[in-house]
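What follows is a short report on a single structure.
Position 1 is the first residue of the sequence, and the numbers go up from there. We use all heavy atoms of the structure for the numbers below, so side chains are in, but hydrogens, waters and symmetry mates are not.
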Amino acid sequence: MSSIQLLNPKADVSRHSQALSININGARGLQDVLKTNLGPKGTYKMLISGAGDIKITKDGNVLLHEMQIQHPTANLIAKASTAQNDQTGDGTTSTVLLIGELLRQAEIHISDGLHPRVVTDGFDLAKKKALEVLNKFKISQKEYNKEVLLNVSKTALKTKTSRKLADQLAEICVEAVNIIKDDSNKVDLHMIEIMQMQHRSENDSQLIRGLVLDHGARHPDMKKSVTNAFILTCNVSLEYEKTTVNAGFFYKTAEEREKLVSAEREFIDRRVQKIIDLKKAVCTDSSKNFVVINQQGIDPASLDMLAKAGIVAIRRAKRRNMERLTLACGGQPVNSFENLNASVLGYAGQVYEYVLGEEKFTFIEDVKDPKSATILLKAPTKFALNQLKDSIYDGLRAIKNVLSDQSVVPGAGAFEIAAYHELTKYEQTIKGKARIGVRAFADALLIIPKTLASNAGYDAQDAMVKLLAEKDSQVPVGINLETGDAADAEVLGVYDNFVVKQQLLESCNMIACNLLLVDEMMKAGLTSLKGPE
């Protein structure tokens with residue numbers, strides 16, 4: 001009987017080989033689920049929720065978020081993998097596969113009597129060597145041309161969606177990032193609005209060099225389309241305001257009440273009149289128009305005044321769009337109408353309203369020097385839209401990583417093959433049993449090219465023989481998924497992110513080592529010990 005059971009007879013305990021077996025089986029079970037998703041030739045999974053909603057995807061991050069995983073070890077690996085995605089934008093499926101394979105390789109040696117600590121020591125040595133190989137293997141440049149950025153984005157997108165659609169989305173992603181990046185190549189992806197419209201097909205998705213708002217003007221007499229427009233971006237209440245503290249207005253007669261109401265109306269009307277006066281000052285002829293986009297409300301009486309003055313007014317714009325508006329159109333956001341002048345105005349060549357069913361969208365286009373953009377996604381179904389959105393996120397993050405790392409890594413399994421060759425050489429220099437762990441780590445890395453070949457319909461062993469035969473090649477050798485043969489990854493135009501590979505090696509090694517060193521699992525938490533009431 002274990003010590004914990006002496007303290008509490010209700011505790012559930014798994015010890016030594018049983019605990020290790022539970023961890024390895026959990027990791028391999030999750031690996032088997034996601035294995036077929038890896039790469040551009042991977043298959044899809046259909047997730048059905050309790051309410052009957054369907055989601056079809058092969059994005060490992062989406063699957064791990066949506067699946068209900070009860071096995072504690074598999075749940076731990078799933079959380080680590082999704083953390084990898086949150087940090088770098090990709091590598092979720094690869095993380096699951098590599099952790100599962102590291103544990104599988106370790107199991108072979110542990111079942112022969114090798115202590116887990118010896119294996120983990122070898123893993124640590126191999127990880128350090130693999131990171132050295134990665135730093136030598138990467139291709140560093142301060143500036144990357146559009147072709148390389150397109151290839152990086154396509155590599156990320158083709159693992160999530162079809163080849164034809166990935167090519168189109170990659171163009172959109174590269175253009176969007178080029179719009180928002182500054183002189184030092186810093187990229188804030190929050191300045192890209194992703195708007196969804198459920199109609200037409202995925203191939204109709206496009207980049208808007210401006211902004212799309214998911215609502216329109218709220219007055220029937222306002223113009224539906226204007227050109228050559230000045231844009232006033234403001235956060236000022238143009239309606240009756242509620243006090244922020246508990247306060248009341250007391251009156252004795254109806255006349256007093258009317259005076260209170262008219263005084264407040266006059267206060268709002270003065271604000272509206274300042275907008276109308278500014279419009280008259282800047283719109284000197286009929287070819288010029290004026291648009292007000294307000295974060296707060298505009299009441300019907302104010303809307304009526306603005307409509308009579310020929311001003312298009314949009315109220316309750318989302319907070320996240322206020323900063324994007326000034327970056328796209330220019331001008332400055334206004335929190336008060338005191339000293340209102342033309343210097344705070346932005347400009348757009350075209351502002352128009354688009355109605356889709358019961359939904360209204362406002363397009364702000366033809367801006368002079370946009371620093372914000374909108375990716376407009378179109379698809380006939382809701383789950384197709386969600387799939388597009390997840391894919392676009394990965395494509396944008398891949399480009400951002402290239403600009404921040406100033407380096408890329410040849411893909412198609414090229415790094416894993418190169419690291420395998422270097423680790424097998426490194427193994428010969430290690431004395432003692434730790435070399436077994438180094439060899440196990442090297443063998444585990446091959447799970448990536450093996451799975452890529454298998455998912456493309458080729459024999460994994462044949463593909464590995466062809467790849468490993470090129471060990472003396474001076475170019476990064478990966479697998480060509482169209483032919484199943486070895487090929488130069490750079491010629492194929494397949495690139496991975498440096499930061500994704502780096503994080504992959506770090507996190508997989510750490511989690512695999514921690515799981516291997518678990519020799520006792522105790523289910524003795526407070527919630528598990530509650531007896532029947």
I'd like to know if the side chain of [X] and the backbone of [Y] have a donor-acceptor N/O pair within less than 3.5 Å.
X: Asn497; Y: Val499; result: no
X: Asn23; Y: Leu515; result: yes
X: Ser372; Y: Met191; result: yes
X: Thr374; Y: Leu376; result: no
X: Thr95; Y: Gly91; result: yes
X: Thr82; Y: Lys79; result: yes
X: Ser404; Y: Asn401; result: yes
X: Thr155; Y: Asn151; result: yes
X: Asp462; Y: Tyr458; result: no
X: Ser205; Y: Lys378; result: yes

[X] side, atom [atom1]; [Y] side, atom [atom2] - distance, nearest 0.5 Å:
X: Ser81; Y: Asn61; atom1: OG; atom2: CG; answer: 9.0 Å
X: Leu504; Y: Asp90; atom1: CG; atom2: CG; answer: 10.0 Å
X: Leu169; Y: Leu388; atom1: CG; atom2: CG; answer: 6.0 Å
X: Ile99; Y: Ile24; atom1: CD1; atom2: CD1; answer: 13.0 Å

Could you tell me whether [X] atom [atom1] has more than 12 heavy atoms of other residues or ligands within 6.0 Å of it?
X: Glu323; atom1: CD; result: no
X: Lys181; atom1: NZ; result: yes
X: Glu147; atom1: CD; result: no
X: Arg435; atom1: CZ; result: yes
X: His190; atom1: NE2; result: no

Does the side chain to side chain contact (heavy atoms under 4.5 Å, CB included) test come out yes or no for Leu505 and Phe415, once each step is laid out?
-> CA-CA 12 Å; Leu505 293 171; Phe415 164 68; 3.9 Å; yes
Quick one: which residue pairs count as a salt bridge (charged side-chain N to carboxylate O under 4.0 Å, His left out) with a foot in residues 386-409, not counting sequence neighbours?
->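 Matches after skipping sequence neighbours: Lys160-Asp394.
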Carboxylate-amine/guanidinium contact [X] [Y], below 4.0 Å:
X: Asp443; Y: Arg439; result: yes
X: Lys501; Y: Glu416; result: yes
X: Arg28; Y: Glu107; result: yes
X: Glu171; Y: Lys146; result: yes

Identified side-chain contact (heavy atoms from CB on, under 4.5 Å) partner of Arg117 from the options Asp121, Val119, Leu114 |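 Running side-chain contact (heavy atoms from CB on, under 4.5 Å) over Asp121, Val119, Leu114 with Arg117 returns exactly one hit, Asp121.
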Among Arg319, Lys318, Arg324, whose side-chain hydrogen bond (donor to acceptor under 3.5 Å, both in side chains) with Asn321 holds?
-> Arg324
Do Gln105 and Glu101 have side-chain atoms, one donor and one acceptor, less than 3.5 Å apart?
-> yes
In a table with atom names and distances, give each donor-acceptor pair under 3.5 Å that connects a side chain of residues 34-48 to protein atoms at least two apart or in another chain.
residue: Thr36; atom: OG1; partner: Thr43; partner atom: OG1; Å: 3.4
residue: Thr36; atom: OG1; partner: Lys45; partner atom: NZ; Å: 2.8
residue: Asn37; atom: OD1; partner: Lys45; partner atom: NZ; Å: 2.9
residue: Thr43; atom: OG1; partner: Thr36; partner atom: O; Å: 3.3
residue: Lys45; atom: NZ; partner: Val33; partner atom: O; Å: 3.1

Would you sort out whether Tyr420 and Ile417 count as a side chain to side chain contact (heavy atoms under 4.5 Å, CB included), showing the intermediate values?
-> CA-CA 5 Å; Tyr420 172 82; Ile417 296 295; 5.6 Å; no
